[in-house]
Amino acid sequence: MKNMIDYFETQREVLSSRIVDLGNGSAFYKRLLRRTVKKIESGEQIDFAFYNEIPRTTKDDLKRNHPFGLLKADKSEIRGYFESSGTTDESIGSSKTSSLRTGKDLERDYIRRIPEWMTGVEKGDFAVIHLPYALTSSGVAFHDALSKLGIVPVALDQGHSFSSYTRVYDLLKTLEAKVLVCSNPLLLRDIILYEQKEDLFKLPSLQYILMVGTAFSEKSRKLIEERSGKKVGLFYGMSEFGAIGVPCSKGHVHIHPDFFIEILNPNNTEEHYSQSSLGGEMVLTDLKSEGTPFLKYRTGDAGRIYFEECGCEMSTPRIEVFGRLKDVIKDNDRLLFPTDFQDLLAGLEYTSPIHKLVAKGEEEILLELHIQQSTESKEELDIIEDRIKSLTNIPISIITYKFGELFEDIYNQGFYRTTQKVKTMSFHDERKGEWIITY
Ligand SMILES: [Zn+2]
């Protein structure tokens, strides 16, 4: 396929019957799609222009119809409830976007999460999962998907007090886990390098790293693969949908055929639609789910769709996710994304890829870096300066920190140590073993 119009053509029939199905199957969509369904049922063909006029599911719709309003199945078929992590709202306990899954929805998500190319992982092999489990869908879904194959999922609930980075590494090592599922292997590796002076990427038993939850450019993903020597699969997931973008055998991320993807961009015109790739806000329609089906849902994520052939086993378009749309920095008519800054640091030996970006308005950016003090790192700073010049004209000031000092509390894993202390804070046992329990 060459462009958006071609892609739409391949999905036209599926979309058309899905819309009729939704309009007849769920209370919410019955109202939303009444006119659309009438048009289709009276024989009108959905073309791209018609499709663009169809109303979308909004976050407000979800809130107003929480939790059952969008359900397109019997209540007895619900098997899952999830909430988005709500990165746009930081207040505690505020209502997030919620979604339901039927048993069939879950089964489809499990299939999407296991790449066909992940061979050689057998029953009884271990997979360490370092993702949040509470409310969001990725941790639990990878867990169940692997478990169904007989692979032993080890639940290292990211953010839980038992699941320090050190513990993740210990278990990867002692269980000789073949699979690591995490959101940012570079951060995990950095912290282990800092604390134990050992390189996670050198673990001989580890074969596959599956990543979800953090935006990585194709360049960065490839670099992780080269540096680690492991096969690295990048997923794009949202709690509202489960896994949406899945890694192909060539390492690219494709939209899974369970979904239809569009790009929302104020510049999208007929001419744009004929281009071989499109960038902007990613908009998703799920074509199969019954729990909480979404139609033309604005994800708030910025990305790009590529329509040209990848040459792999998948026939859907490739996607690249750049990060949250709200994190974008405007540079005249260009947009800079978190992944652009990730790429500035790609392939450097003495500068950590884990950095902090402080956007002070659109006129000034602060880039805070972790470096290992050495002459080589000074040379790398020159490389970074050069890369910045070819990226943007916005002045970027660099501040350097010693390794581990930029995010001191994270690298020292203080949270885990404190939480362990809380358990014993009201009872201090200073006896020297003279207290022996006898029965
Ligand atoms: Zn591919």
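Only this structure's heavy atoms are used, side chains among them; waters, hydrogens and symmetry mates stay out. Both counts, for ligands and for their atoms, begin at 1 and track the order of listing.
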| request: In sequence, state the C-alpha distance, the side-chain angles, and the governing distance for F260 and Y7, and then conclude on ring-ring contact (aromatic ring centres under 6.0 Å, His included). | output: CA-CA 9 Å; F260 178 67; Y7 172 46; 4.9 Å; yes
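Rounding to 10 degrees gives 110° for the angle at the Zn ion (ligand 1) between NE2 of H254 and SG of C310. Annotation: angle subtended at the Zn ion (ligand 1) by C248 SG and C312 SG is 110°, to 10°.
A salt bridge links R18 to D286: one of the charged nitrogens lies within less than 4.0 Å of a carboxylate oxygen.
Residue E44 places its CD atom among more than 12 non-hydrogen atoms of other residues, nucleotides or ligands, all under 6.0 Å distant.
Contact annotation: H252 places no N, O or S atom under 2.8 Å from the Zn ion (ligand 1).
A cation-pi arrangement, defined by a distance under 6.0 Å to the six-membered ring centre and an angle within 45 degrees of its axis, is present between R318 and Y306.
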